[in-house]
Amino acid sequence: MLNLLEGLNPVQREAVTHDKNSLLILAGPGSGKTRVITTKVAYLIQELRIDPNSILAVTFTNKAASEMRERAVALSPEARFTSITTFHSFCARMLRKYGTFAGLTSDFSIYDTDDSMTLFRSLYPEFTKKEAGEILRKISKLKNFDIDLRLSTMSNLSLDSSYYEKYQAALLRANAVDFDDLILHFTKILKNQPEVKMRIASQYRYILVDEYQDSNLVQFELLKQLYSPGTYLCVVGDEDQSIYRFRGAEIENILRFSEYFKDVETIRLEQNYRSTPNILKAASALIAKNESRLGKSIWTENSEGKEVGLKYFSSNIDEIEFCANVVREGSYSDTAILYRTNAQSFAFERGFTALGIPYKLVGALRFFDRAEIKDLIAWISFLLNPCDIVAFKRIANKPARGFGGVAQKKAIAQSQESGTDLLQSTREIALGASSKKKPHKSIEFVKLCELFMQDIENLTLDKLLLNIFIESGLKMFYEDHDKNNDSSKIDNVKEFIDFSARYGVGREALSAMLERISLDSQFAQEQEGNDDVVTLITIHNTKGLEFPKVIISGLEEGIFPSARSLENNDLEEERRLLYVAMTRAQQELYLTYCSNKNIWGFERSFGKSLFAKELEDILNQTPSGSNDSTDHPYKRGQGVYQDDYGYGVITKAVGEGKNLLVFVQFETGFVGRFLPEFDSLELVESRY
DNA sequence: TCGCGTCCCATTTTT
DNA sequence: TGGGACGCGA
């Protein structure tokens with residue numbers, strides 16, 4: 001039993017064994033907070049003999065949740081009965097049970113950002129995508145900020161309340177919720193339904209929250225509602241790592257916690273076990289430039305390690321070559337490339353592919369966001385929830401079966417008038433409009449639905465999906481598409497169908513799969529087995545992760561810190577983001593800036609960002625890395641080359657004499673490597 | 001209703 | 001560059 005505590009330092013031990021009142025743990029990066037939380041779960045179960053079912057451990061990302069689960073179960077097998085999950089998944093599960101109090105059936109759909117957009121634009125077709133997105137963002141902010149949704153308190157949002165109300169009514173009609181609703185609805189139910197609150201409160205006696213600094217006001221309200229006298233509450237957070245303010249996260253929740261809950265004890269974990277002193281020194285000096293912090297000092301007993309490297313390059317190609325060299329020393333999986341925006345991954349993907357370096361891309365384009373996959377998902381959403389208007393619009397006439405916009409609108413209007421679901425209203429219109437003539441073509445759609453609905457109870461998910469794919473005509477549709485566009489959508493669908501096999505038979509299975517898909521953006525990629533690969537990842541996604549070697553790319557003006565954040569006065573949040581990124585590194589840390597980058601097919605030049613300058617000061621380092629060669633006629637930007645690929649500009653030249661190599665980048669984005677002989681160039685190798 | 005051509009714009013970050 | 005929105009003609 002006591003071996004649970006073995007290897008913990010005294011402060012960590014205190015945090016694990018603490019069991020009175022409420023506990024606030026302020027934990028610096030790499031201070032072993034996940035270890036503390038998971039050990040605490042195991043300790044509660046094994047040492048204090050707490051029923052694992054009465055423990056609730058929540059965090060914000062699925063990745064963090066599954067890691068927490070794995071580690072807790074490793075320490076104490078009974079932890080598998082504990083709810084270790086994300087805020088959103090937990091609330092979704094509760095809403096399946098108690099959603100009637102919010103006007104939902106247990107088959108409600110969960111709308112992602114795209115679905116919300118489709119729904120909103122069906123209500124307000126006059127808005128462009130951009131305008132609609134803006135309004136939806138405001139609505140989301142409101143939902144994250146204010147449980148009672150008093151628009152007046154958010155007057156600075158300048159949101160017309162009718163948008164909100166109409167959108168919300170449409171969601172309810174569709175028996176659907178958006179991400180924010182998951183938490184909002186359940187919190188409201190707890191607030192307004194004492195008997196539900198009683199049941200939940202008597203079940204979850206121990207509540208642990210990780211990454212608490214990322215919670216927003218509604219989540220704080222949820223905690224308040226989950227709490228009852230006798231509940232043990234423990235939250236772990238670090239104000240310096242709060243990076244979700246744009247989503248409504250309130251650092252102040254850390255202060256509020258001590259104010260609201262009784263007799264809160266505070267424990268600080270400041271010893272870092274992850275990084276070298278050099279890395280910590282740089283990261284601490286950087287974050288010290290922020291004004292709004294509680295302040296804490298982190299330290300380590302680790303050995304010195306390499307210096308932090310600030311690297312400047314004059315071209316993208318140089319940068320990628322540098323990264324490739326770092327990557328190649330040691331295992332691929334030792335290195336992670338971190339960047340501010342998803343779009344930045346593209347250059348690395350192309351470059352690494354060309355250089356034969358295996359990589360995995362974390363969380364960028366979600367597998368389930370592909371159109372062909374979304375089609376199938378829409379089908380099962382609609383079969384489970386025939387009120388789901390977004391799914392309906394997606395599948396009703398794809399491929400074209402004579403059930404276009406006009407007929408769809410009729411069906412939608414009819415369903416709203418009579419309060420029936422969309423399948424029923426489509427059926428009525430198709431048959432009713434013409435008792436003598438042939439029924440409207442939309443009857444085809446109705447027949448398909450009826451067919452598939454029978455299949456739900458009888459077929460395993462993969463068989464069901466395959467059936468839908470073939471019978472709906474989507475298979476033919478995408479076969480044509482693949483032929484005409486050289487795409488591989490059919491393969492993607494196959495992969496999806498294979499994957500679905502594990503979910504078994506029936507409505508429950510279907511709904512479990514849907515929920516996983518909509519709430520866990522990453523998990524399709526996790527199954528791929530080859531482990532020794534470089535990680536390409538946005539900084540937001542690195543929360544809780546660590547790597548021996550970290551390269552933070554793109555300290556360019558307007559990129560990091562982002563131009564938008566400067567406009568919005570969010571510089572401190574960006575600095576926290578950089579702090580999070582830097583403190584992911586265990587052994588080696590490099591930060592790169594690149595003065596010329598190819599964007600949208602054209603070369604653009606960038607200045608170095610504020611952060612690059614701050615780090616120059618901090619590291620007191622003359623940046624190194626740019627390796628333009630010197631003595632030959634082939635200089636960057638000089639000389640234009642033309643062949644079948646179009647016009648190209650010299651981007652780099654290395655070596656001398658016979659060994660001289662010249663890199664030429666064409667305006668198409670194609671990059672060639674050339675051997676200059678006499679006055680002509682010969683293609684020796686295509687690199688991209 | 002649908003397919004094709006043209007034009008325009010683009011990149012925060014996630015559940 | 002390239003994907004999406006929009007308009008026009010069949």
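Hydrogens, waters and symmetry mates play no part in the numbers below; they use all other heavy atoms, side chains included. Here the structure is a predicted model, which means the values were calculated and not measured. Letters A, B, ... are given to chains in the order of the sequence lines, protein chains preceding strands, and every chain is numbered from 1.
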Under 4.0 Å between a side-chain N/O of Ser562(A) and OP1 or OP2 of dT11(B), yes or no?
no
Quick check on dT11(B): is either OP1 or OP2 less than 4.0 Å from any side-chain nitrogen or oxygen of Asn342(A)?
no
Between Asn541(A) and dT14(B), is there a side-chain N or O to OP1/OP2 distance below 4.0 Å?
yes
Considering only side-chain heavy atoms of Ala400(A), which listed nucleotide, dT15(B), dT14(B), dC2(B), is closest?
dC2(B)
May I ask you to decide if the ring planes of Phe120(A) and Phe127(A) are parallel, tilted or perpendicular, using 30° and 60° as cut-offs?
parallel
OP1 or OP2 of dC2(B) sitting under 4.0 Å from any side-chain N/O of Asn397(A)?
yes
Base, sugar-phosphate alone, or nothing: which one does Tyr244(A) contact when heavy atoms must sit under 4.0 Å apart?
sugar-phosphate
Anything under 30° is parallel, anything over 60° is perpendicular, the rest tilted; go ahead and classify Tyr244(A) against Phe246(A).
tilted
Carboxylate-amine/guanidinium proximity below 4.0 Å for Glu134(A) and Arg137(A):
no
Kindly give the heavy-atom pair with the smallest separation between Asn385(A) and Asn175(A), and that separation in Å.
ND2-O, 3.1 Å
Taking atom C1' in both dT13(B) and dG2(C), compute the distance separating them and give it to the nearest angstrom.
24 Å
Is the OH atom of Tyr124(A) crowded by more than 12 outside heavy atoms at less than 6.0 Å?
yes
Would you call Lys543(A)-Asp214(A) a salt bridge at under 4.0 Å N-O?
yes
Please enumerate all protein N or O atoms sitting under 3.5 Å from an N or O of nucleotides 4-7 of chain C, with distances to 0.1 Å.
residue, atom, partner, partner atom, Å
dA5(C), OP1, Lys129(A), NZ, 3.3

Would you check if Phe179(A) stacks with the base of dT14(B), given a 5.5 Å centroid limit and a 30° plane limit, both strict?
no
Can you give the dot-bracket line for DNA chain C, where a pair is Watson-Crick or G-U wobble with both atom distances under 3.5 Å, crossing pairs use [ ], and | marks a partner on another strand?
||||||||||
If you go through the side-chain atoms of Arg247(A), does one of them form a donor-acceptor pair with the base of dT14(B) closer than 3.5 Å?
yes
Ionic contact status for Asp181(A) with Lys188(A), cut-off 4.0 Å:
no
